[in-house]
Amino acid sequence: MTPLYRPRPSVVRRDSGLYGYERALARRGFTPVAGVDEAGRGACAGPLVVAAVVLGREIDGLADSKLLTEAARERLYDDITVKARAVGVVVIPPEEIDAGGLHRCNVAGMRRAVAGLGIDVGYILTDGFPVAGLPAPSLAVWKGDQVAACVAAASIVAKVTRDRLMRGLDEVFPEYGFAVHKGYVTAGHRRALAQHGPSPHHRFSFVTVARVTRGAEIQDAGPSTGQDGGMQENEVGAGVV
């Protein structure tokens, strides 16, 4: 019986730069490499947006979307959509999150975003946590949007797509300030919820919205800072997700 071939592991050095993962995988024959990330996971209003990106070439200025100004993200978004080999985007509405749960929707969205690339990939890098059921070998990279170029690109595409959607919602529901906090929990957002109640685009399964709609006495699970200076929200009874 022919022994199973297992390639020697590659070591990605800390100083190898943002494209180090892609280069190491390419040396082992794993190409092209897709990066996957999401935006809006910690918000209590608006959609969850998941993006997958396969870069065709290096893009100047690429970095984690949270470390960039809005103007820089918009410029890089344009560069990525023009220069990338493939881009897949999935928008998951609040009612789907309420029905299926945030993490389940996040994982399903990652699978759908990769399928939406429309090309076969050799390897997939996901930000933060592993995802089963992907069509190629994959690796969950801690803070992947800061260390892997394709994941950083996916984070920018997801973030810009979602921000644009939230600015659109702000035009319809200006009383909530969606254009400012993007659906994350800020003091101003809490005041708007208390005064106006939730909109159809709030996540009713989330703590802050549930308190308004049902007057529930729910203990917070220690939310952390969100992308837009607000607080990341928790699902009712789900703990930190």
Side-chain angles (χ1 to χ4, degrees), residues 34-56 59 61-98 100 102-119 121 124-128 131 144-146 148-173 176-184 189 199-203 206 226-230 232-233:
V36 190
D37 201 2
E38 83 284 322
R41 183 179 174 89
C44 72
L48 177 71
V49 176
V50 186
V53 174
V54 174
L55 291 172
I59 296 177
L62 195 61
D64 173 14
S65 65
K66 295 185 291 296
L67 305 178
L68 299 167
T69 65
E70 183 174 343
R73 285 195 298 266
E74 290 282 348
R75 177 184 61 78
L76 284 162
Y77 174 92
D78 292 339
D79 282 350
I80 293 165
T81 53
V82 169
K83 298 176 182 178
R85 182 171 173 182
V87 176
V89 179
V90 173
V91 178
I92 303 171
E95 58 269 23
E96 192 171 327
I97 296 170
D98 288 338
L102 177 64
H103 186 68
R104 183 179 297 176
C105 287
N106 198 164
V107 170
M110 288 184 165
R111 297 190 193 108
R112 290 164 57 192
V114 171
L117 290 168
I119 64 172
V121 297
I124 300 165
L125 299 175
T126 61
D127 183 45
V131 178
D145 46 8
Q146 297 180 27
C150 56
V151 181
S155 78
I156 290 169
V157 171
K159 173 68 173 162
V160 171
T161 299
R162 188 175 188 277
D163 282 0
R164 291 177 178 179
L165 292 171
M166 296 308 294
R167 288 195 293 270
L169 287 179
D170 187 71
E171 295 178 2
V172 182
F173 301 96
Y176 295 101
F178 288 144
V180 177
H181 54 66
K182 308 301 190 299
Y184 288 91
H189 193 179
S199 75
H201 298 279
H202 279 88
R203 302 176 186 177
F206 279 56
Q227 288 189 9
D228 295 276
Q232 290 195 4
E233 185 58 285

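Reckoned from all heavy atoms, side chains included, excluding hydrogens, waters and symmetry mates. Throughout, numbering of the chain's residues begins at 1 and tracks the sequence.
Residues Val114 and Val131 are not in side-chain contact: their nearest non-hydrogen atoms beyond the backbone lie 4.5 Å or more apart. A 4.5 Å side-chain heavy-atom check between Val121 and Arg85 finds every atom pair outside the cut-off. In this structure, Phe173 and His202 have side chains that are not in contact, with every pair of non-hydrogen atoms separated by 4.5 Å or more.
Looking at every heavy atom in both residues, Ala45 comes nearest to His189 through CB-CE1, 4.1 Å. What you find for Ala39 and Arg162 is that their closest heavy atoms are O-CD, 3.4 Å. Nearest heavy atoms, Val151 versus Asp145: CG1-N, 3.5 Å. Nearest heavy-atom pair, Gly61 versus Leu68, reported as atom, atom and distance to 0.1 Å: O-CD2, 4.2 Å.
In this structure, SG on Cys150 lies 11.0 Å from CD1 on Ile59, to the nearest 0.5 angstrom. We find the CG-CD distance between Asp127 and Glu38 to be 6.5 Å, quoted to the nearest 0.5 Å. Atom-to-atom distance recorded for Ser65:OG and Gln146:CD is 9.5 Å, nearest 0.5 angstrom. With rounding to the nearest 0.5 Å, the separation of NZ in Lys83 from CG in Leu76 is 9.0 Å. Of the inter-residue distances, the one linking Ile92 atom CD1 with Asn106 atom CG reads 6.5 Å to the nearest 0.5 angstrom. Rounded to the nearest 0.5 angstrom, Leu169 CG and Tyr176 OH are separated by 11.0 Å.
Listed by chain and residue number, Arg75 satisfy the salt bridge (Lys or Arg N to Asp or Glu O under 4.0 Å) test with Asp79 (two or more places apart in sequence, or in another chain).
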Using ring-ring contact (aromatic ring centres under 6.0 Å, His included), reason through Phe178 and His201 one step at a time and then give a plain yes or no. CA-CA 10 Å; Phe178 288 144; His201 298 279; 7.6 Å; no
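Between Arg104 and Glu96, no side-chain nitrogen of the basic residue sits less than 4.0 Å from a carboxylate oxygen of the acidic one, so the salt-bridge criterion is not met.
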